[in-house]
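Counting convention: from 1, in listed order, for ligands and their atoms alike. Predicted, not measured: the structure shown is a model, and the values here were computed from it.
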Amino acid sequence: MPNTAAPVAVSPLSDRLLAMSESATIAMAKKGRELAAKGVDVINLSFGEPDFQTPQYIKDAAKKALDDGYTFYTPVPGIPELRQAICDKLKRDNQLDFQPSQIVVSTGAKQALANAVLSLVNPGDEVIVFSPYWVSYEEMVKLAGGVAVPLVGTREHDYKATAAQLEAAITPRTKLIMYSSPCNPTGAVFSREELGAIAEVLARHPQVYALADEIYEYINFVGEHVSLAQFPAVADRVITVNGFSKGYAMTGWRLGYLAARQDIATACDKMQGQITSGTCSITQRAGVAALAGGRASSDEMAAAYRRRRDLVLELVKDIPGLDTPTPSGAFYIFPEVSAFFGRTAPDGSTIRNSSDLALFILNDAHVSAVSGEAFGAPECMRFSTAAADEKLVEAFRRIKASLAKLA
Ligand SMILES: Cc1ncc(COP(=O)(O)O)c(C=O)c1O
């Protein structure tokens with residue numbers, strides 16, 4: 001029988017989906033690609049992606065894995081060799097003691113974070129998100145039915161939330177805190193004293209857990225990387241997340257992990273088992289090789305990111321109106337751009353906010369960057385510095401010329 005029913009007027013999509021924002025970094029990269037498809041020479045500084053190739057020894061391990069027939073489902077939380085290698089890494093780099101059963105390997109650190117949030121957060125629970133924050137934290141919390149409570153770091157404190165601020169923000173409903181160090185988007189790195197003070201606050205609130213996102217660990221220009229899980233008073237309430245995308249230039253391989261107390265790791269394994277199962281078998285073999293190779297290739301890439309950071313800081317010094325803190329890690333600069341709000345573009349439109357400015361820069365300078373709004377800092381804008389030197393020089397030359405057109 002023909003279907004004669006009238007088309008449904010209301011959206012069939014779930015409230016959950018409708019309440020969720022699209023990833024701003026992905027959206028901006030998409031706009032840039034659309035412009036590029038029309039033949040425009042767009043310089044993409046919107047993506048959080050190393051421009052380096054994955055080191056050859058890791059690629060070789062993947063080729064060998066394929067030839068050796070690693071083409072089957074793996075255990076949901078990862079192959080034993082990789083979970084052991086991650087334990088060894090956590091011991092070597094972070095002085096953390098974990099058993100392989102406490103490691104859950106995922107399809108990127110993104111899934112590790114989502115597993116933890118979905119496993120811990122009940123509807124109505126508050127999650128304190130150190131702000132500026134990585135775009136997906138808030139949306140993951142919303143997806144779990146939780147309430148994201150931004151804890152805004154100040155410019156004077158390199159945008160890092162303090163222990164005193166945390167103490168004041170915790171309520172009986174607080175379940176979790178989330179932060180990244182080195183931070184995306186600011187590049188700020190928490191010191192041992194700062195994290196120690198945060199651990200002291202958490203020690204007084206036994207119902208509060210912490211998601212420590214350490215994905216930029218290897219891209220650190222100040223030396224010491226400190227894990228919150230190193231503080232014994234809170235160690236069993238910290239879920240440490242890390243991955244291979246940034247440190248080993250393996251974004252497309254989709255490999256991340258978390259290390260946590262056994263009951264939390266088991267919960268994340270259960271969650272993942274119903275959604276994706278284990279990540280790619282070949283990727284996992286490559287991950288074993290990556291860790292066995294140590295930090296040499298990562299350190300080489302980090303040295304290049306540091307040189308580019310310095311280059312970009314020199315370039316932006318020359319652009320009036322961009323107030324740029326010096327990042328201690330990761331590969332972004334996160335200047336305050338509010339000096340341009342209220343100004344008029346050549347087409348007569350007003351730059352009302354950071355999103356307007358990002359669009360103006362894309363359309364006029366053909367450089368894509370991401371509005372700070374997506375990171376909880378509407379007065380700022382994020383530019384990736386993970387691009388070749390000549391691209392960075394050209395991008396900031398164009399940005400300078402475009403900003404000078406704003407009256
Ligand atoms: C702070 C932060 N956490 C997690 C991720 C996700 O990384 P992955 O590629 O491992 O999913 C990113 C990627 O941009 C990030 O910047």
Side-chain angles (χ1 to χ4, degrees), residues 22-29 44-52 54 58 78 82 86 89 103-117 127 129-141 148 153 159-161 177-190 210-220 225 227-228 239-259 268 272 275-276 279-280 283-284 286-287 290-291 298 305 327-334 369-370 372 374-377 382-386:
E22 187 187 1
S23 160
T25 47
I26 292 174
M28 208 54 202
N44 182 357
L45 302 186
S46 60
F47 242 4
E49 172 151 77
D51 60 321
F52 294 110
T54 303
I58 302 174
L82 181 55
I86 290 167
K89 179 263 174 233
I103 308 296
V104 181
V105 174
S106 295
T107 305
K110 202 173 215 174
Q111 190 185 21
L113 290 161
N115 280 339
V117 170
V127 178
V129 180
F130 289 14
S131 173
Y133 47 77
W134 182 49
V135 288
S136 294
Y137 292 168
E138 194 182 0
E139 300 308 318
M140 287 177 185
V141 171
Y159 296 114
K160 287 185 278 189
I177 70 167
M178 290 178 82
Y179 73 91
S180 59
S181 178
C183 173
N184 176 5
T186 64
V189 172
F190 277 111
L211 246 182
D213 181 348
E214 305 188 356
I215 185 123
Y216 292 96
E217 174 184 11
Y218 285 177
I219 309 171
N220 179 336
H225 173 82
S227 296
L228 188 60
I239 299 102
T240 303
V241 171
N242 209 325
F244 294 69
S245 287
K246 318 291 176 174
Y248 288 100
M250 290 178 70
T251 47
W253 299 71
R254 310 310 300 130
L255 190 60
Y257 58 89
L258 62 74
C268 292
Q272 183 163 296
I275 298 180
T276 57
T279 192
C280 169
T283 290
Q284 292 187 56
L291 290 175
S298 310
Y305 294 131
S328 300
F331 39 59
Y332 310 99
I333 58 159
F334 198 60
V370 188
F375 305 96
R382 192 191 78 174
F383 298 88
S384 166
T385 55

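Donor-acceptor pairing under 3.5 Å is lacking for the side chains of T240 and E214.
Among all heavy-atom pairs drawn from T186 and P132, the shortest one is CG2-CG, 3.7 Å. A pairwise comparison of heavy atoms in P50 and S245 identifies CG-O, 3.6 Å as the closest pair.
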Which donor-acceptor pairs under 3.5 Å do side chains of residues 250-257 form with protein atoms, sequence neighbours excluded?
from : atom 1 : to   : atom 2 : distance (Å)
T251 : OG1    : E49  : OE2    : 2.5
W253 : NE1    : T54  : OG1    : 3.0
R254 : NH1    : T251 : O      : 3.1

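Taking the ring centroids of F331 and Y216, they lie under the 6.0 Å cut-off. A distance of 6.0 Å or more separates the ring centres of Y218 and Y305.
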Close N/O pairs between ligand 1 and protein, under 3.5 Å:
from     : atom 1 : to   : atom 2 : distance (Å)
ligand 1 : 3 (N)  : D213 : OD2    : 2.6
ligand 1 : 9 (O)  : S245 : OG     : 2.7
ligand 1 : 9 (O)  : R254 : NH1    : 2.8
ligand 1 : 10 (O) : A109 : N      : 2.7
ligand 1 : 10 (O) : S245 : OG     : 3.2
ligand 1 : 11 (O) : A109 : N      : 3.2
ligand 1 : 11 (O) : K110 : N      : 3.0
ligand 1 : 11 (O) : R254 : NH2    : 2.8
ligand 1 : 14 (O) : K246 : NZ     : 2.6
ligand 1 : 16 (O) : N184 : ND2    : 2.7
ligand 1 : 16 (O) : Y216 : OH     : 2.8

